Amino acid sequence: MNESLISNSLADLQELADKLLKAFGNYKIIAFKGEMGAGKTTLIAAICKHLGVDGAISSPTYSLVNEYKDRQGKPIYHFDFYRLQNEHEAADMGLYEYLDSGHLCLIEWPEKVAGMLLEEQVLTVTISVLSDSSRQILIDEN
């Protein structure tokens with residue numbers, strides 16, 4: 001499955017989150033790619049809000065992982081590996097256990113842990129900046 005979506009403003013985010021969640025299907029590991037400032041965290045926040053997460057949703061740049069609860073109380077794990085030095089750091093923080101949990105894992109900067117991700121288990125969402133307010137979102141089964 002390859003699908004392309006366009007977001008023309010922040011007002012589109014909830015509708016876009018709904019479309020993305022449908023596209024996720026049975027995937028539990030979602031890799032978000034895009035340049036700095038493309039909107040990865042913003043998109044993940046919209047997805048989490050759509051799933052019923054209460055409270056602030058922010059990038060776990062320093063903690064590497066944030067855990068949220070959806071409306072059923074199930075965990076959602078949000079990773080940001082931008083500052084990761086190597087895959088050993090990810091292994092030390094328990095990445096394999098998170099990935100094997102069966103819960104939704106939303107990963108920013110997945111290229112930093114590419115050797116730890118099984119391609120067939122990951123759905124990739126690539127965000128490309130089209131203008132200050134619009135983005136192209138490509139959904140790709142690896």
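Here the structure is a predicted model, which is why all the values come from computation and not from measurement.
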Worksheet entry | Side-chain heavy-atom pair Leu21, Ile47 within 4.5 angstrom cut-off | yes

Practice prompt. First locate atom CD1 of Ile137, then atom CD of Glu3, and finally report the distance between them rounded to the nearest 0.5 Å.
Written response: 10.5 Å

Item to complete: List the steps, then state whether side-chain contact (heavy atoms from CB on, under 4.5 Å) holds for Ile107 with Leu99.
Response: CA-CA 10 Å; Ile107 304 173; Leu99 298 176; 4.1 Å; yes

Discussion item. Heavy-atom count check: over 12 atoms from other residues, nucleotides or ligands less than 6.0 Å from Asp54 CG?
Written reply: no

Discussion item. Taking the side chain as everything from C-beta on, heavy atoms only, tell me whether Leu20 gets closer than 4.5 Å to Leu123.
Written reply: no

Worksheet entry | Residue Leu130 excluded, over 12 heavy atoms near CG under 6.0 Å | yes

Discussion item. Please give me the minimum heavy-atom distance between Arg135 and Gly37, naming the atom from each residue.
Written reply: NH2-O, 3.5 Å

Item to complete: Might you point out which heavy atoms bring His50 and Asp18 nearest each other, and give the distance in Å?
Response: NE2-OD1, 3.2 Å

Discussion item. Less than 4.5 Å apart, side chain to side chain, heavy atoms only: is that true for Phe79 and Met93?
Written reply: yes

Worksheet entry | Inter-residue atom distance Glu119.CD - Thr124.OG1, 0.5 Å rounding | 8.0 Å

Discussion item. Are Val122 and Pro110 packed together at the side-chain level, in the sense that at least one heavy-atom pair is separated by less than 4.5 angstrom?
Written reply: no

Worksheet item: Are the side chains of Met116 and Tyr96 in touch, meaning some heavy atoms are under 4.5 Å apart?
Response: yes

Worksheet entry | From OG (Ser128) to CG (Leu138), nearest 0.5 Å | 5.5 Å

Worksheet entry | Distance-minimising heavy-atom pair for Ile57 and Cys48 | CD1-CB, 3.3 Å

Worksheet item: Do Thr126 and Asp140 have side-chain heavy atoms sitting under 4.5 Å apart?
Response: no

Worksheet item: With no hydrogens and no angle check, is any side-chain donor or acceptor of Lys49 less than 3.5 Å from a backbone partner on Gly55?
Response: yes

Discussion item. Taking salt bridge (Lys or Arg N to Asp or Glu O under 4.0 Å) as the definition, give me every residue that meets it alongside Glu15, ordered by chain and number, with sequence neighbours left out.
Written reply: Lys19

Item to complete: Work out which heavy atom in Asp12 is nearest to a heavy atom in Ile6; give both atom names and the distance.
Response: OD2-O, 4.4 Å

Practice prompt. Compare every heavy atom of Ile139 with every heavy atom of Ala23, then report the nearest pair and how far apart it is.
Written response: CB-CD1, 3.8 Å

Discussion item. Nearest 0.5 Å, please: how far is CD in Glu89 from CZ in Arg83?
Written reply: 12.0 Å

Worksheet entry | Worked verdict on His78 versus Tyr68 for side-chain hydrogen bond (donor to acceptor under 3.5 Å, both in side chains) | CA-CA 8 Å; His78 176 194; Tyr68 313 115; 3.1 Å; yes

Worksheet item: Could you give the distance from NE2 (His103) to NZ (Lys74), rounded to the nearest 0.5 Å?
Response: 8.0 Å

Worksheet entry | Side chain proximity check, Tyr27 to Glu141, heavy atoms < 4.5 angstrom | yes

Fill in: Side chain proximity check, Val65 to Tyr98, heavy atoms < 4.5 angstrom
yes

Practice prompt. To the nearest 0.5 angstrom, please state how far the CG atom of Leu117 sits from the CD1 atom of Ile29.
Written response: 6.5 Å

Worksheet item: How close do Lys40 and Glu35 get, heavy atom to heavy atom, and via which atoms?
Response: NZ-O, 3.0 Å

Worksheet entry | Common cluster, Val129/Phe32, ILVMFWY with side-chain heavy-atom separation under 4.5 Å | no

